[in-house]
Amino acid sequence: MSPTSTPRSILHTLAPIGLGTADVESLTSYFCRLANSHSCSTNDLAQFVIDRIEPGRWATYQGVEGKSRFVWHQRTISGLGDSALTWASALSELTSQSCLHRLTLLPLQSVVAPKGLMATQSRWCPHCLHDDIEHKKTPYFRLAWDIGLNKVCANHQAELIARCPHCLQSNVRHAAAYVVPGWCTSCTQFLGYPERCGPKRQTEKCRIEIQQAATVNALLAATLKPNFLPDLEKMHDAIDTLIGQLDGGVAAHFARRLGVRKSTVHHWKKTRSAFTLDTLLRCAFHCNADVPALLQGDLSNWSPLCEARQLSLELFYPSAAPHRNRQEHDWFAIRRRLQQELREPVPKSVADIARALNMDDRLLYIQATDEARQFGERYLRYRREKMESRQSALRLQLKEVCEQIHENGHGISMELVSQLVGKETLNSVHNLYTVLSNIAADAANDDCA
């Protein structure tokens with residue numbers, strides 16, 4: 001009997017965590033755990049993988065030997081681009097785990113655009129990491145944390161954080177040579193301390209973010225099913241059906257419904273390109289559509305939203321306010337009174353005269369132009385003379401105070417003047433520094449004389 005040979009993998013056959021659920025592990029987390037399994041740094045493991053993907057790539061930079069600038073954690077290996085496809089294929093071959101592409105967003109590659117898809121910072125939910133330790137499980141990074149639209153954790157309804165609660169440093173989740181998922185790469189403290197992250201927020205914006213995160217989790221769970229087959233053409237046909245059913249085929253009305261520009265909807269219909277994840281979530285929320293079904297073009301279970309219509313009620317409305325009777329003015333008597341007011345010793349403004357006559361001041365300028373202009377010029381001249389008189393009195397007061405300071409043998413300064421006259425008086429003097437400088441110069445000239 002010949003012995004049966006069992007094929008061996010080059011690297012450890014490490015099983016992914018959370019496969020088949022919305023809490024599926026990201027390929028970044030799998031790579032870090034694989035490095036820990038081999039007791040090596042992430043840089044050494046990345047070099048080992050890169051040498052099999054592209055021999056010589058690690059040791060060169062732009063064709064120059066020994067100048068490698070490859071940084072593995074700057075690649076979005078959990079996304080849906082070329083890096084995710086290359087790394088998932090290479091790690092699957094090295095570990096004999098054929099399902100590693102399901103730790104990325106590659107199942108959505110044909111229907112979701114990469115723009116704004118991945119988060120720009122490494123984030124995590126401290127409650128999830130805390131639960132992993134509480135249930136004696138291995139802490140790991142969820143794929144949902146790497147999606148840019150996710151701001152909160154759908155399971156715990158808590159905000160995703162990007163700074164260590166101990167050292168307050170950012171970019172400390174996996175950007176290092178030695179990474180243990182769940183522990184800070186800067187201060188080595190555990191990242192799963194929810195009590196250090198403050199209370200949960202309960203606002204309208206937070207509720208929308210929770211609903212959005214729940215939709216993303218449902219989409220991730222659907223992509224792990226074998227019968228999930230997204231199709232771009234079928235998705236666009238489904239969108240056309242929604243436009244026709246909800247808005248009568250008018251793209252501008254559908255754009256208003258989603259909160260996007262109508263040119264954006266025309267671009268979809270013309271190019272039939274992939275949608276951003278934000279657009280898909282807008283369609284789900286505003287059209288009552290299921291995102292996984294929409295990606296497959298399946299509207300068999302779809303039904304439009306039931307719009308709440310206002311019942312016609314016989315409401316009591318108060319009667320309209322009666323119109324004011326048109327005023328009749330005796331302009332002969334008004335002009336005679338204006339002439340009398342012009343002879344008064346204390347001038348009045350046009351607004352005061354109009355208020356006394358119970359009319360608009362603009363009407364005086366129209367019907368009694370000459371008298372209104374005389375009132376305005378006389379009142380302005382009165383105000384100007386009153387202001388100049390007040391400034392003269394203030395300057396005289398300052399001069400007396402400065403002479404008193406000078407007689408006491410002190411120099412004239414703003415602090416001493418303020419103590420004697422008060423800040424309110426100083427603030428009322430126009431060109432204060434110029435006035436004080438002139439007074440100080442006159443005092444100096446008197447001393448010289």
Side-chain angles (χ1 to χ4, degrees), residues 1-60 65-66 68 70-109 122 129 132-133 135-146 173-183 185 220-221 223-229:
M1 183 175 178
S2 61
T4 303
S5 62
T6 302
R8 288 181 171 272
S9 61
I10 299 176
L11 299 178
H12 293 169
T13 309
L14 195 65
I17 302 177
L19 199 62
T21 66
D23 291 329
V24 62
E25 181 180 21
S26 67
L27 190 62
T28 302
S29 174
Y30 182 84
F31 176 78
C32 295
R33 292 197 304 113
L34 188 62
N36 289 333
S37 176
H38 286 274
S39 300
C40 68
S41 68
T42 55
N43 290 334
D44 293 338
L45 183 58
Q47 181 179 357
F48 184 81
V49 175
I50 290 299
D51 285 340
R52 278 149 182 79
I53 296 176
E54 187 179 352
R57 170 67 179 85
W58 184 269
T60 61
E65 294 289 338
S68 173
F70 187 90
V71 183
W72 73 269
H73 54 77
Q74 292 180 355
R75 270 64 177 174
T76 54
I77 63 175
S78 300
L80 46 72
D82 294 337
S83 296
L85 179 60
T86 304
W87 280 72
S89 302
L91 290 176
S92 295
E93 182 181 354
L94 294 172
T95 59
S96 298
Q97 289 284 353
S98 60
C99 58
L100 295 187
H101 67 283
R102 300 167 68 182
L103 308 184
T104 68
L105 298 179
L106 287 173
L108 303 174
Q109 188 177 31
S122 56
L129 296 177
D132 290 340
I133 295 295
H135 296 90
K136 302 185 183 305
K137 297 180 180 179
T138 303
Y140 66 98
F141 306 141
R142 276 68 168 172
L143 179 59
W145 298 347
D146 293 337
R173 195 187 70 171
H174 64 272
Y178 294 93
V179 181
V180 179
W183 276 263
T185 58
L220 291 178
T223 58
L224 301 173
K225 297 179 181 178
N227 59 348
F228 178 74
L229 300 173

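What you see is a predicted model, and the numbers here were worked out from it, not measured in a lab.
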Practice problem: Applying side chain to side chain contact (heavy atoms under 4.5 Å, CB included), run through Thr76 and Thr28 and close with a yes or a no. | Solution: CA-CA 8 Å; Thr76 54; Thr28 302; over 6 Å; no
Exercise. Go through Val24 and Leu103 one step at a time and tell me if the side chain to side chain contact (heavy atoms under 4.5 Å, CB included) criterion holds.
Key: CA-CA 7 Å; Val24 62; Leu103 308 184; 3.7 Å; yes
Quiz prompt | Aromatic Phe31 / basic Arg33 pairing, under 6.0 angstrom, 45° off normal | solution = no
Quiz prompt | Name of the residue among Thr42, Leu94, Leu45, Val49 meeting side chain to side chain contact (heavy atoms under 4.5 Å, CB included) with Leu34 | solution = Leu45
Contact check, side chains of [X] and [Y], non-hydrogen atoms, under 4.5 Å:
X      : Y      : value
Leu129 : Trp183 : no
Thr95  : Leu14  : no
Leu105 : Leu220 : yes
Phe48  : Leu11  : yes

If we ignore hydrogens and angles and just use 3.5 Å, is the side chain of [X] paired with the main-chain N or O of [Y] as donor and acceptor?
X      : Y     : result
Glu25  : Pro16 : no
Ser92  : Gln97 : yes
Thr21  : Gly18 : yes
Arg142 : Asp23 : no

Between [atom1] on residue [X] and [atom2] on residue [Y], distance to nearest 0.5 Å:
X      : Y      : atom1 : atom2 : value
Ile77  : Thr104 : CD1   : OG1   : 9.5 Å
Leu85  : His101 : CG    : NE2   : 10.5 Å
Ser37  : Tyr30  : OG    : OH    : 8.5 Å
Asp146 : Ser26  : CG    : OG    : 5.0 Å
Arg75  : Thr86  : CZ    : OG1   : 11.0 Å

Exercise. State whether Arg52 and Glu93 are salt-bridged, where the test is any N-O pair (Lys NZ or Arg NE/NH1/NH2 against Asp/Glu carboxylate O) under 4.0 Å.
Key: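 Result for this pair is no, no salt bridge flagged.
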Closest contact, heavy atoms only, [X] versus [Y]:
X      : Y      : value
Ala176 : Val179 : O-CG2, 3.5 Å
Cys32  : Pro181 : CB-CG, 4.0 Å
Cys40  : Tyr178 : C-CE2, 4.2 Å
Lys225 : Ala221 : CG-O, 3.7 Å
Ile17  : Tyr140 : CG2-CE2, 3.3 Å
Leu19  : Cys99  : CD2-SG, 3.6 Å

Quiz prompt | Whether Phe141 and His174 hold their rings parallel, tilted or perpendicular, with breakpoints at 30° and 60° | solution = tilted
Quiz prompt | Side chains of Ser96 and Thr13, donor plus acceptor under 3.5 Å | solution = no
Exercise. Show the numbers, then the answer: is there a side chain to side chain contact (heavy atoms under 4.5 Å, CB included) between Thr223 and Leu106?
Key: CA-CA 9 Å; Thr223 58; Leu106 287 173; over 6 Å; no
Exercise. Could you tell me whether Gln109 atom CD has more than 12 heavy atoms of other residues or ligands within 6.0 Å of it?
Key: yes
